[in-house]
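Comments concern the structure below.
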Amino acid sequence: MHIFTKTNNYLPKGVSIMNLLIVESPSKAKTIEKYLGAGWRVIASVGHVRDLVPENGSVDTAHNFEMKWQIMAGKEKQIKLIIDELKKADAVYLASDPDREGEAIAWHILDILKAKKVLTGKKVYRVAFHEITKKAVLAAIENPREIDQNLVDAYMVRRALDYLIGFGISPLLWRRNLGKSAGRVQSVAVKLVVDREREIESFVPVEYWSLAAACNAHGAKFNASLVSANGQKIEKMTIGNKEQMDAVLSHVGVPEIAATVIAIDKKKTSRRAAAPFTTSTLQQEAARKLYFSSKRTMSVAQKLYEHGLITYMRTDATNLSADAVNDIRAYIGRIYGDAFVPKSPNIYVTKSKNAQEAHEAIRPTHFDDAMPNLSGDEEKLYNLIWKRTIACQMTNAEFDSVAADIENNAHSAIFHAVGSTRTFDGFMRVYTESRDDDADAAESKLPALSVGDAVVITELTPEQHFTQPPARYTEASLVKKLEELGIGRPSTYATIMSTIVDRGYVEQDKQRRFHPTSGGWVIAAYLAKYFNELVDVNFTAKTEDTLDDVSNGKQEKVAALRAFWTPTESMIDGARGIKTTEIIDEINHVMHHHLFPDGNDKCPKCGGKLGI
DNA sequence: GTACGATTTAATGG
DNA sequence: AATCGTAC
């Protein structure tokens with residue numbers, strides 16, 4: 001097969017040379033076909049077209065990890081379309097996405113075309129563009145390259161590894177009836193939920209007390225909290241019970257208490273807008289603001305994308321095209337005024353751990369005033385994306401913050417009061433990101449205070465608190481955690497959530513927070529005992545390093561797979577040889593009270609409840 | 001009614 | 001060393 005590195009012109013005027021260009025998404029194909037015009041046919045592969053045969057032996061571990069591929073269900077149609085059009089064409093441009101999976105799609109298509117022997121006399125080019133503009137597409141066509149075999153090899157390592165883990169471990173679970181499936185991604189997701197539940201169970205709440213003071217100065221009311229009593233610094237956990245609170249109160253006095261401002265600290269602070277949406281942050285924010293599930297968010301986003309209203313919704317990048325930034329800045333200036341347009345565009349660095357950056361951030365495609373006519377869900381999500389995108393290119397919000405120390409005139413207690421006033425809206429005029437902890441520092445006003453001012457403490461409110469266990473994961477916070485760990489991809493976050501529910505490992509309560517089921521406890525305990533390395537959160541990170549090495553040609557594919565498979569195979573063999581009774585003992589020992597909450601049997605080892 | 005074969009991974013796309 | 005669905 002010959003891949004030429006030099007193309008003939010992309011649109012020879014009046015000459016009907018036919019060029020075929022293949023992309024992944026049909027709606028992208030439609031757009032690009034318009035850009036290229038006569039002489040070009042643009043066809044979508046509609047994602048991957050070929051995959052491992054879903055049966056045992058598709059990765060031959062005994063023979064250099066040779067892989068058995070098959071055309072995916074329903075994709076024969078696309079292949080036939082590509083071949084039919086190719087027959088009429090002189091050249092084919094493989095323009096799948098510029099990332100690892102996209103390179104693999106190009107390779108698979110080329111491999112299929114070679115096998116079908118339909119490339120005789122045809123030129124083949126690999127082209128890549130990062131945005132769907134006429135300029136970018138034409139530039140890509142002018143600068144074709146060959147398929148990057150290192151990147152394809154990295155894909156194959158990733159693909160083989162996922163298969164070997166999933167198809168290696170799952171059958172062990174069926175035999176013992178411990179679960180339906182295991183995998184590099186889903187099993188870590190389950191582990192995270194189980195680990196969190198264990199943290200919650202072992203959490204011992206600690207009592208602490210706070211003392212709030214209602215204050216009055218110059219006829220204005222405000223609140224302060226105790227930070228020092230009888231010369232002792234009072235921190236969050238200092239007052240541990242009612243007796244200690246009473247002791248402290250004896251030093252503070254009984255309202256009304258005469259006091260004085262002894263220190264003032266004034267500061268100007270500012271707050272930056274959040275980065276534009278990625279798949280993960282869109283799912284998080286749509287959950288917090290609209291109460292959408294990950295699945296619902298993605299299916300609504302899909303519709304907006306198909307309507308041509310937003311850019312691609314499966315992305316891990318936060319960058320915006322230069323054209324979009326210009327349009328957004330013009331819009332902000334027109335609607336909100338120049339004070340809301342930063343001197344230079346705000347730039348957001350993509351911080352996702354293994355971002356592939358094949359796409360832009362999720363943003364509206366155009367920025368005129370006309371609001372499209374949309375269904376309820378579509379309108380809500382589009383509005384959210386609209387506001388977030390506009391806000392991300394607006395100036396900072398500015399605040400004046402004041403902190404005051406107030407001492408009682410008996411010099412035995414000091415209170416601290418804080419106030420914050422927004423002096424310039426900036427991006428907050430349009431949009432503010434929600435937070436998971438609703439400790440969202442609400443604006444609080446203080447009257448104008450100076451050192452020496454008289455203050456009257458009119459009321460003291462002692463309050464009992466207990467430290468709180470960490471919160472159970474929601475879909476949004478679990479997706480966020482997985483992304484931080486570099487586990488899973490934008491295209492899979494929503495399906496990971498359904499997989500762990502469908503497999504019966506976790507369930508969602510009324511507030512849609514994840515709890516492990518007894519099956520979830522079992523599988524987590526089993527995997528932690530016999531496959532700990534594979535479900536360790538660092539495993540995927542290490543794997544990504546290996547994949548990077550393969551992409552860069554620093555490590556060879558077969559060597560990388562062998563390094564992974566040798567220990568994994570012995571783990572699988574080891575687990576296969578373990579007697580069921582041993583597994584039951586192990587799981588019972590770790591998990592007895594979750595497995596058999598209503599059982600009566602006592603575990604001989606620890607006196608806990610025992611089942612089976 | 002019994003025997004037997006399939007079950008399973010993650011990541012593209014809609 | 002389980003369970004479910006399908007073929008016989």
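- With ring centers used as reference points, A:Tyr125 lies under 6.0 Å from A:Tyr93.
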Could you run down the sub-3.5 Å N/O contacts of the protein with nucleotides 1-7 of chain C?
from  : atom 1 : to       : atom 2 : distance (Å)
C:dA1 : OP2    : A:Thr580 : OG1    : 2.2
C:dA1 : O4'    : A:Arg175 : O      : 3.3

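- Listed for the A:Ser58 side chain is a donor-acceptor partner under 3.5 Å among the backbone atoms of A:Val53.
- Under the 3.5 Å distance criterion, the side-chain polar atoms of A:Arg513 are matched with a main-chain donor or acceptor of A:Arg472.
- Residue contacts for A:Arg503: at a heavy-atom cut-off of 4.0 Å it reaches the sugar-phosphate backbone alone, with no base atom in range.
- Of the N and O atoms on the side chains of A:Thr297 and A:Ser294, not one donor lies less than 3.5 Å from an acceptor on the other residue.
- Below 30°, between 30° and 60°, or above 60°: for A:Tyr526 and A:Tyr530 the angle between ring planes is between 30° and 60°, a tilted geometry.
- Spacing between atom NZ of A:Lys75 and atom P of B:dG14 amounts to 10 Å, rounded to whole angstrom units.
- Between A:Ser170 and the phosphate of B:dT9, there is no side-chain N or O to OP1/OP2 separation shorter than 4.0 Å.
- Salt bridge A:Arg100/A:Glu544: present, at least one basic N to carboxylate O contact under 4.0 Å.
- The side chain of A:Pro26 has B:dG13 as its nearest neighbour among B:dT12, B:dT8, B:dG13.
- In this structure, A:Arg314 does not reach the B:dT12 phosphate: none of its side-chain N or O atoms is under 4.0 Å from OP1 or OP2.
- What separates CG of A:Asn56 from C1' of B:dT7 is a distance of 10 Å, to the nearest Å.
- Applying the 4.0 Å criterion to OP1 and OP2 of B:dA11, one finds that A:Tyr163 has every side-chain N and O outside that range.
- The side chain to side chain donor-acceptor pair (under 3.5 Å) with A:His48 is formed by just one residue from the set A:Lys75, A:Arg159, A:Glu101, A:His108; it is A:Glu101.
- Taking for each of A:Glu306 and A:Met72 the nucleotide of DNA chain B with the nearest heavy atom, the 5'-most of the two is the partner of A:Met72.
- Candidate nucleotides B:dT9, B:dG14, B:dT12 were compared by shortest atom distance to the side chain of A:Val46, and B:dG14 ranks first.
- A donor-acceptor pair under 3.5 Å is absent between the side-chain atoms of A:Thr281 and the main chain of A:Phe277, judged by distance alone.
- Within 4.0 Å of A:Ser181, counting heavy atoms only, lie sugar-phosphate atoms of the nucleic acid but no base atom.
- Rounded to an integer number of Å, the gap from A:Lys77 NZ to B:dG14 P is 13 Å.
- Evaluated for a side chain to side chain donor-acceptor pair (under 3.5 Å) with A:Arg489, the options A:Asp99, A:Asp316, A:Thr279 yield exactly one hit, A:Asp316.
- A side-chain donor-acceptor contact under 3.5 Å links A:Ser25 and A:Tyr305.
- Whole-Å rounding puts the A:Met67 CE to B:dT9 P distance at 16 Å.
- A:Asp153 contributes atom CG, which lies 9.0 Å from atom CG of A:Asp148 (distance to the nearest 0.5 angstrom).
- Remark: A:Arg158 is not in phosphate contact with B:dT12, judged by side-chain N or O atoms under 4.0 Å from OP1 or OP2.
- Within 4.0 Å (heavy atoms only), A:Ala104 reaches no atom of the nucleic acid at all.
- The separation between A:Ile79 atom CD1 and B:dT12 atom P is 18 Å, rounded to whole Å.
- Using a 4.0 Å heavy-atom cutoff across all strands shown, A:Asp51 reaches at least one base atom of the nucleic acid.
- Taking atom NZ on A:Lys28 and atom C1' on B:dG14, their separation rounds to 14 Å, with Å as the unit.
- In the region residues 550-570 of chain A, proximity to DNA chain B at under 4.0 angstrom, judged on heavy atoms, holds for none of the residues.
- Taking the six-membered ring where tryptophan is involved, the planes of A:Trp69 and A:Tyr155 are essentially parallel, since the angle between them stays under 30° and well short of 60°.
- Put simply, the side chain of A:Arg159 and the base of B:dA10 share a donor and an acceptor less than 3.5 Å apart.
- Across all strands shown, A:Gly47 has heavy atoms under 4.0 Å from base atoms, whether or not it also approaches the sugar-phosphate.
- Comparing A:Arg184 and A:Asp97 against DNA chain B, the residue whose closest nucleotide sits nearer the 5' end is A:Arg184.
- Proximity note for A:Ser491 (side chain, C-beta onward) versus B:dT9, B:dG13, B:dA10: the nearest is B:dG13.
- Taking a pair as Watson-Crick or G-U with both hydrogen-bonding distances under 3.5 Å, the stems of three or more pairs touching DNA chain C are B:1-7 with C:2-8.
- Comment: A:Lys542 does not engage A:Asp545 in a salt bridge, judged by the lack of any side-chain N to carboxylate O separation of less than 4.0 angstrom.
- Note on A:Gln302: a base of the nucleic acid sits closer than 4.0 angstrom, heavy atoms only.
- Separating the CH2 atom in A:Trp107 from the CG atom in A:Leu94 is a distance of 13.0 Å, to the nearest 0.5 Å.
- Counting to the nearest Å, the P atom of B:dA10 and the CG atom of A:Leu547 are 15 Å from each other.
- Rounding to whole angstrom units, CD1 of residue A:Ile71 and P of B:dG13 are separated by 18 Å.
- An OP1 or OP2 oxygen of B:dG14 is reached within less than 4.0 angstrom by a side-chain nitrogen or oxygen of A:Ser25.
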